[in-house]
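See below for the structure under consideration.
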There are 2 protein chains.
Amino acid sequence: MLPLPTTQTTAGYRTERRNAPAASVGSPLNPIELMGAQMPFSRDAEIFGEKEPAEYIYKVVSGAVRTYRILADGRRQIQAFHLAGDVFGFEPGEEHTLSAEAIVDSRILVIKRTAVEALAARDNQVARGLLALMARELQRVQRHVTLLVMTAQERVIDFLLEMTACDPEKALTLPMSRQDIADYLGLTIETVSRTFSSLETAAAIELPNSRRVVLRDREALSRLAN
Amino acid sequence: MLPLPTTQTTAGYRTERRNAPAASVGSPLNPIELMGAQMPFSRDAEIFGEKEPAEYIYKVVSGAVRTYRILADGRRQIQAFHLAGDVFGFEPGEEHTLSAEAIVDSRILVIKRTAVEALAARDNQVARGLLALMARELQRVQRHVTLLVMTAQERVIDFLLEMTACDPEKALTLPMSRQDIADYLGLTIETVSRTFSSLETAAAIELPNSRRVVLRDREALSRLAN
DNA sequence: CGGAATATTGATCAAGATCAAAGCGAGTGG
DNA sequence: CCACTCGCTTTGATCTTGATCAATATTCCG
């Protein structure tokens with residue numbers, strides 16, 4: 001509501017990334033960020049847990065974060081990966097409905113929620129920013145729903161394109177493990193691994209090592225993805 | 001953000017339903033609804049389409065609505081079913097990212113978006129209501145993501161429980177077809193039909209006819225749904 | 001009543017899961 | 001420096017779930 005930027009990054013609401021789509025997006029928390037403090041989290045450290053009071057809003061300064069939920073049958077469902085510039089943990093309820101962990105050693109900007117609330121109550125611009133934040137998150141989750149009805153190969157390609165969407169580089173280093181990817185795509189680790197291999201065989205990507213991916217033919221990938 | 005009701009209906013942001021969880025939820029558009037006009041839509045009529053300017057916000061007065069997207073491969077993905085009391089079509093961008101159709105003959109309250117925007121800009125209470133609306137929608141879509149990684153039987157049961165969540169009645173008349181259900185659950189019509197049959201065989205439900213479902217043993221269902 | 005749309009049921013197929021066995025790489029200690 | 005180990009990844013063989021193809025059955029309406 002209220003004129004909001006319609007542009008969206010596919011990998012999350014992200015700011016301060018190179019190739020940012022002009023100033024229109026900007027940082028939704030710009031006026032607030034000054035109030036936050038940076039905190040280091042080491043690999044696999046929990047940032048917040050499900051059912052904990054949602055006292056803070058977070059922004060990835062460096063590193064990477066996964067937000068997830070443990071399902072009734074014990075499986076882990078990863079909701080999203082958050083990279084540098086992404087805001088996460090912004091939930092309107094009193095309690096977090098997700099857990100968050102650092103995927104690698106990360107620096108996270110932590111902002112008190114009450115501070116944001118207070119500011120939003122007075123400053124309409126801030127309130128609008130929050131709405132935009134949530135709107136972009138909504139679109140991201142909707143994309144995730146769409147992803148989950150596609151084939152394994154389509155999911156993996158979509159994931160790769162999403163990870164490089166804001167990034168013209170052809171090569172990337174994935175911060176997350178195969179298991180993380182599998183839990184995000186709703187596949188098994190074996191299927192993810194096999195799909196990576198078959199994409200390499202098809203000359204669409206190169207895998208110098210398990211964490212490194214070179215998109216050799218983005219066009220071919222896009223075609224396969226659909 | 002800002003003290004919001006944490007209660008949520010599983011089937012959407014819904015108001016004016018019996019057993020409403022106290023006054024805390026209320027109608028998020030209460031002050032605004034007066035500005036809207038009721039319009040009738042007949043079965044399968046389009047309410048709005050993807051890419052159309054998002055000029056209005058909608059609320060189901062009676063009947064049922066499906067919001068959906070057509071995927072690149074031509075399949076239809078149903079995003080949500082909206083029943084009486086549900087608000088839909090509230091998208092922050094300039095254009096709709098989904099299409100909406102009446103599932104059965106329906107009466108829809110149509111409210112001009114600019115009117116809501118204007119009010120929200122002045123009245124913080126209204127702005128907060130919009131945020132709550134979007135937050136509940138976000139949670140609904142997150143539930144949908146979770147649904148799509150479960151087995152066929154779990155998805156169908158989850159759907160049935162969702163359709164009756166706000167409703168203590170054991171019997172319900174589904175407004176939507178098997179195809180609609182299949183496109184919502186990411187299954188084929190055959191699998192949905194077979195799962196319904198097997199649940200009937202297992203004495204968990206009764207199917208007097210294809211649109212009518214009687215939940216014979218809600219406990220058993222919940223257990224099967226895992 | 002007839003015909004079209006929708007739903008059910010059956011038979012087979014295929015994508016991805018599961019079970020199982022290497023392969024690889026980074027860190028550790030001899 | 002090299003062997004060893006542990007965790008992660010890849011690859012292989014087989015099985016299961018749900019898709020697909022196909023044939024009725026039912027319902028809805030004109």
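Letters A, B, ... mirror the listed sequences (proteins, then strands); counts begin at 1.
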- State whether the side chain of Asp183(A) and the backbone N or O of Gln77(A) hold a donor-acceptor pair below 3.5 Å, judged by distance alone.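 Pair absent, no side-chain N/O of Asp183(A) close to backbone of Gln77(A).
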For [N], does either OP1 or OP2 sit under 4.0 Å from a side-chain N or O belonging to [X]?
X         : N       : result
Thr191(B) : dA19(D) : yes
Arg194(A) : dG12(D) : no
Thr188(A) : dA17(C) : yes

Give the rounded distance in Å between these two atoms: [atom1] of [X] and [atom2] of [N].
X         : N       : atom1 : atom2 : value
Gln179(A) : dT10(D) : CD    : P     : 12 Å
Asp180(B) : dT6(C)  : CG    : P     : 10 Å
Ile189(B) : dC21(D) : CD1   : C1'   : 14 Å
Phe196(B) : dT6(C)  : CZ    : P     : 16 Å
Ile181(B) : dT8(C)  : CD1   : P     : 9 Å
Leu148(B) : dG18(D) : CG    : P     : 13 Å
Arg212(B) : dT26(D) : CZ    : C1'   : 18 Å
Leu185(B) : dA19(D) : CG    : C1'   : 15 Å

I want to verify a distance call: between [options], whose nearest atom is closest to the [X] side chain?
X         : options                   : result
Glu190(B) : dT11(D), dT20(D), dG18(D) : dT20(D)
Ser197(A) : dG18(D), dT10(D), dG16(C) : dT10(D)
Arg178(B) : dG16(C), dT8(C), dG18(D)  : dT8(C)
Ala152(A) : dA7(C), dG16(C), dT10(D)  : dG16(C)

- Query: Taking for each residue the nucleotide of DNA chain D bearing the nearest heavy atom, is the 5' side occupied by Ser177(A) or by Gly186(B)?
  - Reply: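 On the 5' side of the pair lies Ser177(A).
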- Residue whose closest nucleotide on DNA chain D lies nearer the 5' end, Arg43(B) versus Leu187(B):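 Going by which nucleotide is closer to the 5' end, it is Leu187(B).
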- Select base, sugar-phosphate, or nothing to describe what Arg211(A) touches, counting heavy atoms under 4.0 Å on all strands.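 Sugar-phosphate contact only.
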- Item | Non-hydrogen atoms of Thr164(A) and Leu160(A) that approach each other most closely |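 Here Thr164(A) and Leu160(A) meet closest at OG1-O, 3.0 Å.
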- Item | Donor-acceptor side-chain pairing of His96(A) and Glu91(A) below 3.5 angstrom |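 His96(A) vs Glu91(A): donor-acceptor pair found between side chains.
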- Tyr184(A)/Phe81(A) aromatic ring centres below 6.0 Å: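 Ring centroids of Tyr184(A) and Phe81(A) are less than 6.0 Å from each other.
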- Task: With DNA chain C as reference, determine whether Val192(A) or Asn209(B) sits nearer its 5' end, using the nearest nucleotide of each.
- Result: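 This one resolves to Asn209(B).
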- Message: Between Arg66(B) and Asp44(B), does any side-chain N to carboxylate O distance fall below 4.0 Å?
- Response: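 Salt bridge flag = yes for Asp44(B) with Arg66(B).
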